[in-house]
Amino acid sequence: MSPEASSAPRSLAEALRSRDDASLAALLRDRPDLVAPVPTDLTQLATRAGTRASVLRALEHLDRFALQTAQALAVAPDPATYDTLHGLLAGDDGDPAVTEALPATVAALRRQALIWGDDDRLHLVRTARELLAPSAQHPSPTGLGPTVREATSGMSPGRVQQIVNTAGLPSTHDPVSAVAALTALFADRKRMDALLAGAPEAAREVLTRLMWGPPYGQVTADPAAHLRWLLDRGLLLPTAPGTVVLPREVALHLRGGRAHRVPEPVPPAVEPSVAHDPRIVDATAAGQAYTALATVEELLKHWDQGGPAVLRAGGLSVRDLKRTAVALDVPEPLAAFWIELAYAAGLLASDGAADERYAPTPAYDTWLERPVAERWGRLAAAWLAATRTAGLIGGRDIKDRALSALGPGLDRSAAPEVRHRVLTLLAGLPAGVAPAPEAVLTRLSWERPVRAPQRDGTEDLRVRLARWTLSEAELLGVTGRGALSSHGRALLGAAPEPDDTPLSSAEQHTAIAVGLLAPLLPEPLDHVLLQADLTAVAPGPLLRPLAEMLGVLADVESKGGATVYRFTPASVRRALDAGQTAADLHAFLAQHSRTPVPQPLTYLIDDVARRHGHLRVGVASAYVRCDDDSVLNEIIADKRAAALRLRRLAPTVLAAPCDPATLLEGLRSLGYAPAAESAQGDVLITRADAHRTPPRTAPEPVPEGPPAPDSVLLTAAVRAIRAGDLAATTPLKAPGPQPAGGELPRTSPADTLATMQAAVMTGEAVWIGYVNADGAASQRVVAPIRVEGGFVTAYDHTADEVRTYPLHRITGVAELAED
């Protein structure tokens, strides 16, 4: 055997053992599931890298050309040469794009331990081959069928010899050599061309239909002449009664050596669709960002005194979602998005009471006090990292249960990655340029191809996540007119800091985005325009105290660039119930109106204030008192008041068996304007108390698999794996007994002590078996420094540090070989 052949790795473990530390760290970084927990040695690392779950996860993260490369290796002989793999992907003519891209792709697959071996002996990991190789139950995306050897495995030797003879090959002594001769014929381009030259035209049409797959077809018990011609020469082979298959070697010849109809070595470009002025994009995005903040604030204000009830199974009912959508004046899917966004930002939660309801959290009050841009930054950062997916609301889960807003089952761990990737593709275009959405989806499908179609016929989840990301980014003001805004680039981390130092955290990204957005947001106004038709126009966003007071005094009639408020008797009475006086309201309007206060509005306030509090309601269960007994006589005589069951207690007092709130509403429905009073006779201010949940934290995103290891963990893991592998593979010095693989060395306590003391004097390293306090056994290579008091102090090569071991926990010790 040549030195080159003897040095070739014989297993994945040996291939990993030949890698340097940087290559091992790259493997653990690309496949983080391999480092949780840290393998004890390289053999265990190779075993874990070949498990079905780990290989499936690695295959799902391959781009389309890398997956095509793995699929081509799955239909190639094992091992295959690089030239064989190149021929399967580039074809007989040699695709220059494949030739250019293949070396880097093979290197990437080798780095991820999906293939191993040198270029003259490339091995696909056995589990990956089992997953990707074609079979009748699991067809390959290549469209190829079984090889001649696989298809003839159950065929009688006599039938095999008949096929060989009909194909023009000499008879052989055994079926194995006959199958090998037939395989060699189908793999020979010239001889196959000669064989097919005599095929009937109908037979060629059959081969053309089966060439790109599926390779299986149906035949009758008495096939037609052209099918019989193919069957007699092995160009079609029977697999079951009535079923035939096109052998893999024949299909590859017909395809010109290609394993795939269309290799895709180059990712599709995200072409620009529309170009806008970057300033217009930023202004549009800023306007939408302000609208997003106003919508979320309106939602939480709507639920300020306690929102909808929590369903028994969790989440929001369909009826409550519809009511919220009507209150926000948006479609139900948008209402669901804003609800989920507030929840992801920690501004909304359930209160945990017996009759559990949704309500703003204490963090909402803190959020309201922050500057406008900072409030947007919190929402945008929460959206970017959230795994809860509002687009799923209204659908069904795998158990056919409805998915509701704020309910369980909405987490999709791929959502943050898809959002980042979509925005990164947008950031790759010049400022102000928007791509066509389909171009973005095509690129994402190349980067993460769909390995299996959806059973329900819907689009792949990643495609739907990308669509939702494009629309949600526009709603949130991350993009404007389809192009990524400047603050959107900063949020993603694609924009440098002012001092050109690299960004290091999501908080820094958000802080810079906030700084870029702040100058683009409109300044809040301190005035409105009062009109004679009992309306007020706010030509822009209002200062918070002004907006809150105006929201009590008037009803919002329309929204948009300018908000229109309408004054009504009910809205004015609402302000009076909140503790304001007519003089307060007149002064407020005069102070904040840029136009004179219209006379009709003045009359409305005075008229409602004059009647407000004329009647007073208290507890009797409830009572009504009035200094003017004629008013009480009028109420008693009104047939509409019969449901209140009022009775006179005194000339100026009426009592009712209902509660004060019901009596107040009943009298107001009759056209009166009563006011509530306390037990002391004072007028009650009926300002609503805000309902808040106990302190709540925002929901944690559900990660997609183990988190990516940082550089510190990678360095420590590689060091531990190297040390453990050294302990497991270092040969022992003869004549000491070498344990079988995985067993701990065994020596008597006296021999252990003597060997340790000798190692201290010679300074040599030894191999020990050690059982810790939890009973976990391990093998370690240590260099003893001191032996005293029943303990050994030694430098542990496995942990790369000095440690102390109790002698009674050392199962045995063995000296290492010189080499």
Q) Do Leu321 and Val318 touch side chain to side chain, with heavy atoms closer than 4.5 Å? A) no

Q: Taking Gln44 for its side chain and Thr40 for its backbone only, find out whether a donor-acceptor pair lies under 3.5 Å.
A: yes

(Q) Strictly distance-based, threshold 3.5 Å: is any side-chain N or O of Arg464 a donor or acceptor partner for the main-chain N or O of Gly391? (A) no

Q) Do other residues, nucleotides or ligands put more than 12 heavy atoms under 6.0 Å from the CD atom of Glu100? A) no

Q) Would Arg52 and Leu131 satisfy side chain to side chain contact (heavy atoms under 4.5 Å, CB included), going step by step from the backbone distance to the final call? A) CA-CA 9 Å; Arg52 182 180 179 86; Leu131 291 169; 3.1 Å; yes

Q) Is Asp232 salt-bridged to Arg228, cutoff N-O under 4.0 Å? A) yes

Q. Does a donor on one side chain sit under 3.5 Å from an acceptor on the other, for Ser171 and Asn165?
A. yes

Q.
Do Leu392 and Trp468 make a side-chain contact, defined as non-hydrogen atoms from C-beta onward lying under 4.5 Å apart?
A. yes

(Q) Given 3.5 Å as the limit, does a donor-acceptor pair link the side chain of Thr127 with the main chain of Gly50, or not? (A) yes

Q.
Under a 4.0 Å threshold between the charged nitrogen and the carboxylate oxygen, would Arg57 count as salt-bridged to Asp33?
A. yes

Q: Run the numbers on Trp229 and Leu235 for side chain to side chain contact (heavy atoms under 4.5 Å, CB included), then give the verdict.
A: CA-CA 9 Å; Trp229 191 94; Leu235 297 174; 3.5 Å; yes

Q. Where do Glu474 and Thr479 land on the side-chain hydrogen bond (donor to acceptor under 3.5 Å, both in side chains) test, with the steps shown first?
A. CA-CA 5 Å; Glu474 194 75 16; Thr479 61; 2.6 Å; yes

Q. Below 4.5 Å, heavy atoms only, C-beta onward: do Arg233 and Ile163 meet side chain to side chain?
A. no

Q) Do Pro141 and Gln68 have side-chain heavy atoms sitting under 4.5 Å apart? A) no

Q | salt_bridge(Glu447, Arg421) N-O dist < 4.0 Å | A | yes

Q. Going through the checks in order, is the side chain to side chain contact (heavy atoms under 4.5 Å, CB included) test met by Arg149 and Val179?
A. CA-CA 6 Å; Arg149 181 179 60 81; Val179 170; 4.0 Å; yes

Q: May I ask you to check whether Asp30 and His61 show a side-chain donor-acceptor distance below 3.5 Å?
A: no

Q) So do the side chains of Leu102 and Tyr82 get within less than 4.5 Å of each other, counting heavy atoms only? A) yes

Q: Answer yes or no: is there a donor N or O on one side and an acceptor on the other, between the side chain of Ser23 and the main chain of Arg19, under 3.5 Å?
A: no

Q. Does any N or O in the side chain of Arg110 come within less than 3.5 Å of the main-chain N or O of Gly117, such that one atom is a donor and the other an acceptor?
A. yes

Q.
Side chains of Asp120 and Thr81 only: does a donor on one sit below 3.5 Å from an acceptor on the other?
A. no

Q) Does a sphere of radius 6.0 Å around CZ in Arg126 hold more than 12 heavy atoms from other residues, nucleotides or ligands, not counting ones at 6.0 Å or beyond? A) no

**Q.** Carboxylate-amine/guanidinium proximity below 4.0 Å for Arg467 and Glu438
**A.** yes

Q.
Testing the 3.5 Å rule here: is there a donor-acceptor pair between the side chains of Ser54 and Arg31?
A. yes

**Q.** Test side chain to side chain contact (heavy atoms under 4.5 Å, CB included) applied to Leu27 and Leu45, step by step
**A.** CA-CA 10 Å; Leu27 168 61; Leu45 175 62; 4.2 Å; yes

Q) Considering only heavy atoms from C-beta outward, does the side chain of Arg258 approach that of Asp95 to under 4.5 Å? A) yes

**Q.** Non-hydrogen side-chain atoms of Ile115 and Thr69 separated by less than 4.5 Å
**A.** no

Q. Where the side chain of Arg189 meets the backbone of Phe186, is there a donor-acceptor pair that is under 3.5 Å apart?
A. no

Q: Please determine, by modelled atom types, if Ser140 and Gln71 share a side-chain donor-acceptor pair under 3.5 angstrom.
A: no

**Q.** Expected output: side-chain Arg121 to main-chain Trp116 donor-acceptor under 3.5 Å
**A.** no

